[in-house]
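Taking it in order: structure first as structure tokens, then the write-up.
Count residues from 1 along the sequence.
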Amino acid sequence: MIRVLIADDQVLLRAGLHKLIADEEGFDVVGEAGNGSEAAALAARLRPDVVLMDIRMPILDGISATRLITSSGTATRVLILTTFGLDDYVFEALRSGASGFMLKDAPAAELLAAVRIIAAGDSILAPAVTRSVVEEFVRAPRSASREGSLRLRSLTAREREVFDLLVKGRSNTEICAHLVISEATTKTHVARILQKIGVRDRVQVVIQAYEWGLAGSGGRVLDGGG
């Protein structure tokens with residue numbers, strides 16, 4: 001059973017999401033929050049698997065609430081929902097530790113699939129969001145940092161190949177096909193990369209790569225020197 005907390009300041013939207021999720025087999029809505037402060041408090045108390053988080057809410061915004069939840073040490077993961085595909089807050093929301101980003105007008109089946117993906121420990125980004133994140137970094141390129149270079153050098157040759165493909169947004173299936181390796185081997189490499197880089201999921205691998213100046217336009221992984 002996937003336990004879900006819904007956080008949005010619009011009562012009608014919360015009600016719609018509640019019905020959609022509660023009616024789906026394998027899902028349980030454990031609570032609702034009308035602002036970010038409520039969301040963080042309920043997440044700490046109820047320990048849901050996934051929080052559906054709006055960005056623009058009163059008292060405490062969704063980005064700050066996400067940061068509180070993801071830094072608390074719990075296994076709760078956050079899926080950001082917004083009406084703004086190229087919103088200025090996209091990158092900051094992902095940096096706060098969100099595991100995914102979906103548009104509120106996404107089809108019901110896609111939203112439910114996204115919750116399942118997030119709950120399983122993976123991550124998801126709507127295509128428009130992926131483009132906006134990459135474009136943000138292309139506009140403001142960063143030089144390779146010492147920390148990033150050291151982390152990159154801690155990866156084995158095969159892990160470097162997998163890391164490169166992760167930064168390009170490739171799925172496990174695509175990585176398997178590209179490197180001609182099994183699904184189990186791919187998952188093992190991804191898990192080790194997450195551990196060595198020090199992040200929670202694939203989205204954060206991409207964010208960290210750009211933050212450290214280890215990726216150029218098109219998701220090309222830079223050497224980082226040394």
Within a reach of under 6.0 Å around CZ of Arg158, are more than 12 heavy atoms found that belong to other residues, nucleotides or ligands?
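Yes, CZ of Arg158 has more than 12 neighbouring heavy atoms, counting only those of other groups under 6.0 Å.
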[atom1]/[X] to [atom2]/[Y] distance, rounded to the nearest 0.5 angstrom?
{"X": "Leu112", "Y": "Leu17", "atom1": "CG", "atom2": "CG", "value": "9.5 Å"}
{"X": "Glu110", "Y": "Met102", "atom1": "CD", "atom2": "CE", "value": "5.5 Å"}
{"X": "His178", "Y": "Glu161", "atom1": "NE2", "atom2": "CD", "value": "7.5 Å"}
{"X": "Ser154", "Y": "Leu152", "atom1": "OG", "atom2": "CG", "value": "7.5 Å"}
{"X": "Asp54", "Y": "Thr66", "atom1": "CG", "atom2": "OG1", "value": "10.0 Å"}
{"X": "Leu52", "Y": "Leu13", "atom1": "CG", "atom2": "CG", "value": "9.5 Å"}

Are Leu68 and Val78 linked, directly or through other ILVMFWY residues, by side chains that come within less than 4.5 angstrom of each other?
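Leu68 and Val78: separate clusters.
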Would a hydrophobic clustering, with Ile, Leu, Val, Met, Phe, Trp and Tyr connected at side-chain separations under 4.5 Å, put Leu60 with Ile69?
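No, it is not one cluster - the side chains of Leu60 and Ile69 are not joined through contacts under 4.5 Å.
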Is it the case that the side chain of [X] and the backbone of [Y] share a donor-acceptor pair, with hydrogens and angles ignored and the cut-off at 3.5 Å?
{"X": "Glu38", "Y": "Gly34", "value": "yes"}
{"X": "Arg3", "Y": "Leu46", "value": "yes"}
{"X": "Asp8", "Y": "Arg14", "value": "no"}
{"X": "Gln195", "Y": "Arg192", "value": "no"}
{"X": "Asp28", "Y": "Val30", "value": "no"}
{"X": "Arg77", "Y": "Ala119", "value": "no"}
{"X": "Ser96", "Y": "Ser64", "value": "no"}
{"X": "Thr185", "Y": "Ile181", "value": "no"}

Minimum heavy-atom separation for [X] to [Y], with atom names?
{"X": "Lys196", "Y": "Leu155", "value": "CD-CD2, 3.7 Å"}
{"X": "Ala43", "Y": "Val51", "value": "CB-CG2, 4.3 Å"}
{"X": "Leu20", "Y": "Ala108", "value": "CD1-CB, 3.5 Å"}
{"X": "Val29", "Y": "Ala22", "value": "CG2-N, 4.0 Å"}
{"X": "Ala39", "Y": "Ala7", "value": "CB-CB, 3.7 Å"}
{"X": "Ala98", "Y": "Ile80", "value": "CB-CG1, 3.6 Å"}

Heavy-atom side-chain contact between [X] and [Y] under 4.5 Å:
{"X": "Ser37", "Y": "Ile59", "value": "yes"}
{"X": "Thr76", "Y": "Asp49", "value": "no"}
{"X": "Glu32", "Y": "Leu5", "value": "no"}
{"X": "Gln10", "Y": "Leu12", "value": "no"}

Salt bridge or not for Glu24 and Arg116, using N-O below 4.0 Å?
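Salt bridge flag = yes for Arg116 with Glu24.
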Option among Leu111, Asp105, Leu103 that satisfies the side-chain contact (heavy atoms from CB on, under 4.5 Å) test with Leu81
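The single option meeting the side-chain contact (heavy atoms from CB on, under 4.5 Å) with Leu81 is Leu111.
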Between Asp61 and Ile55, is a side-chain contact (heavy atoms from CB on, under 4.5 Å) present by the stated rule, with each step listed?
CA-CA 6 Å; Asp61 62 78; Ile55 288 183; 5.6 Å; no
Please lay out, stage by stage, how Val162 and Ile193 fare under the test side-chain contact (heavy atoms from CB on, under 4.5 Å).
CA-CA 8 Å; Val162 174; Ile193 290 168; 3.6 Å; yes
From CA spacing to verdict: side-chain contact (heavy atoms from CB on, under 4.5 Å), Leu166, Ile175
CA-CA 8 Å; Leu166 286 175; Ile175 293 173; 3.9 Å; yes
After noting the C-alpha distance and the side-chain angles of Leu79 and Val115, does the key distance pass the side-chain contact (heavy atoms from CB on, under 4.5 Å) rule?
CA-CA 7 Å; Leu79 175 60; Val115 175; 4.0 Å; yes
